[in-house]
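A quick write-up on the structure given underneath.
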Amino acid sequence: MKKKVAVFANGWNSENVYKYLKGLQEYTPDHTIDYFVFLCHATYGITEELRNAMNTIYTLPDLSTFDAAIIFYPGINFENSIEYIYDKAEKAGIPVISIGRRYKDFYHIGIDNYVGMKELVNHLIEEHDVKTVQYIAGSRENFDSNERLRAVKDAFYEHNMSFSDDDIFYSNWELLPTTRHVMDMFEEGQKMPRAFICANDKLAESVSYALENCNVPTPEEVIVTGFDYIDEGQLFYPSIASVDQQYSLIGKASTEMLVKIFDGTIGNKKEDIIQCKFCLGESCGCQNTNNENERRRMYARGVPRKNILVDQ
């Protein structure tokens, strides 16, 4: 009989979730596991009432009827929702895999944000002579954003360069406030940093658009980098220098862990760590790093085909 596994996630960063779920599907042995995904799109930019209403989807499953649960921590964001899901899973008494966050005695698959971000910042400092930056953070309490910030600080300190809290802007992952922040800096006559290091690619795109509105050329005058290495960021012009969290591999690690849990061979291994990987891009001044022009041409060629298929 196939096992039932509940997956809790937030879909606001849909591409990361898609890559992870695709990895689960691709690497799960045939006819062994059914995944039931409980997903909402709650964000900071909506009212608390609406956010709470959207998060009620997490209350729906009776986890005692499942064989295991996966909590996809990245993107859930709101501590009350996160703690509710963890508490619910713990009370169910089933095996639980926590993705991206250690929690009590749960199985854990970690994502090493720190290494990839530090590689990115070292590249900016050592290859592009960057001396001043602003970090566009997510939310203040977000673990992933703070790990990326820690890497930025450490890289600067290790190069004997200054970085302070004044060099941080907390965006709450919202794009319009980020755009407005950069444009306000320009309109107020503030000196632009040599680079904006953003906590994800969407924020990087917003910063890039804001700089364009202010007639500030990128990357010649200001470099913009991101995190997540989403497809959109690579089709963007200039393509976003970013960090790949390799969610497909995290999906693979999850299925391997589930299989061992279910067949009783997991032993004492409770954790696996997946390394992030820094990826060059045009936005940091490195050209033709990932065959961007070919990717853009193929994407443009595929747009009419999608419309044709929709019309069938």
Side-chain angles (χ1 to χ4, degrees), residues 5-25 27 35 37-44 55 58 68-90 94-120 137-152 172-173 198-203 226-230 242-258 261 269-278:
V5 176
V7 182
F8 295 90
N10 184 305
W12 70 268
N13 194 341
S14 57
E15 188 173 319
N16 284 347
V17 176
Y18 170 77
K19 288 177 180 177
Y20 176 71
L21 294 176
K22 187 177 179 182
L24 281 180
Q25 181 184 43
Y27 293 106
Y35 297 102
V37 181
F38 298 89
L39 184 78
C40 77
H41 288 75
T43 65
Y44 286 90
N55 283 331
Y58 300 137
I70 295 173
I71 301 172
F72 189 78
Y73 171 81
I76 295 179
N77 283 331
F78 306 102
E79 283 301 317
N80 58 339
S81 298
I82 294 166
E83 292 304 323
Y84 173 82
I85 296 169
Y86 279 116
D87 185 59
K88 181 184 180 81
E90 186 176 28
I94 58 176
V96 180
I97 299 176
S98 177
I99 306 298
R101 180 189 183 186
R102 292 183 179 89
Y103 186 84
K104 295 188 176 178
D105 199 37
F106 286 176
Y107 295 97
H108 172 238
I109 297 178
I111 308 166
D112 194 335
N113 283 225
Y114 179 89
V115 170
M117 179 59 94
K118 196 170 182 186
E119 287 179 2
L120 183 155
S139 55
R140 290 181 182 273
E141 73 279 5
N142 184 268
F143 175 80
D144 291 335
S145 176
N146 288 332
E147 277 294 281
R148 296 163 200 176
L149 172 58
R150 185 167 69 90
V152 175
N172 284 335
W173 307 107
C198 302
N200 71 21
D201 289 346
K202 285 293 209 178
L203 293 171
F227 203 100
D228 284 339
Y229 197 61
I230 62 175
S242 189
V243 177
D244 185 358
Q245 298 194 69
Q246 306 198 88
Y247 277 112
S248 178
L249 292 183
I250 296 167
K252 179 182 180 183
S254 300
T255 61
E256 291 173 347
M257 188 172 281
L258 283 172
I261 290 170
K269 184 175 182 181
K270 304 281 289 187
E271 181 175 82
D272 196 359
I273 304 294
I274 304 300
Q275 297 289 331
C276 293
K277 180 176 66 174
F278 168 51

When you compare the side chain of [Y] with that of [X], does any pair of heavy atoms fall below 4.5 Å?
X    : Y    : result
Y35  : L21  : no
T43  : W173 : no
C276 : D244 : no
V152 : M117 : yes
M257 : I109 : yes
F227 : S145 : no
I111 : I274 : no
L24  : I70  : yes

**OP:** Check the pair Y27 / E256 against side chain to side chain contact (heavy atoms under 4.5 Å, CB included), numbers first and verdict last.
**Re:** CA-CA 8 Å; Y27 293 106; E256 291 173 347; over 6 Å; no

Original post:
Would F78 and Y44 count as a close aromatic pair, with their ring centres under 6.0 Å?
Top reply: yes

Subject >> side chain to side chain contact (heavy atoms under 4.5 Å, CB included) between Q245 and N16, worked out >> reply: CA-CA 9 Å; Q245 298 194 69; N16 284 347; 4.2 Å; yes

Heavy-atom neighbours of [X] [atom1] exceed 12 at 6.0 Å:
X    : atom1 : result
K118 : NZ    : yes
K270 : NZ    : yes
F38  : CZ    : yes

**OP:** Could you walk me through whether Q246 and Y229 pass the side chain to side chain contact (heavy atoms under 4.5 Å, CB included) test, one step at a time?
**Re:** CA-CA 9 Å; Q246 306 198 88; Y229 197 61; over 6 Å; no

Subject >> Chi angles and distances behind the side chain to side chain contact (heavy atoms under 4.5 Å, CB included) call for Y103, Y73 >> reply: CA-CA 11 Å; Y103 186 84; Y73 171 81; over 6 Å; no

Nearest non-hydrogen partners of [X] and [Y], listed with the distance:
X    : Y    : value
D228 : R148 : OD1-NH2, 4.3 Å
S139 : N146 : O-OD1, 4.5 Å
I82  : I76  : CG1-CG2, 3.5 Å
L120 : G226 : CD1-O, 3.7 Å
A42  : N55  : CB-OD1, 3.7 Å
A69  : F8   : CB-CE1, 4.5 Å

When rounded to the nearest 0.5 angstrom, what is the spacing between [atom1] in [X] and [atom2] in [Y]?
X    : Y    : atom1 : atom2 : value
I273 : I250 : CD1   : CD1   : 10.0 Å
K202 : I230 : NZ    : CD1   : 5.5 Å
S254 : I97  : OG    : CD1   : 5.5 Å
N200 : E15  : CG    : CD    : 11.5 Å
K104 : S98  : NZ    : OG    : 12.5 Å
S242 : K277 : OG    : NZ    : 11.5 Å

Subject >> Test item: side-chain donor near acceptor, S81 and Y58, under 3.5 Å >> reply: no

**OP:** Let me see the working for F72 and Y247 under ring-ring contact (aromatic ring centres under 6.0 Å, His included), right down to the final yes or no.
**Re:** CA-CA 11 Å; F72 189 78; Y247 277 112; 5.4 Å; yes

**OP:** Enumerate the residue pairs fulfilling salt bridge (Lys or Arg N to Asp or Glu O under 4.0 Å) with a member in residues 76-87, sequence neighbours excluded, ordered by first and then second residue.
**Re:** E83-R101, D87-K91

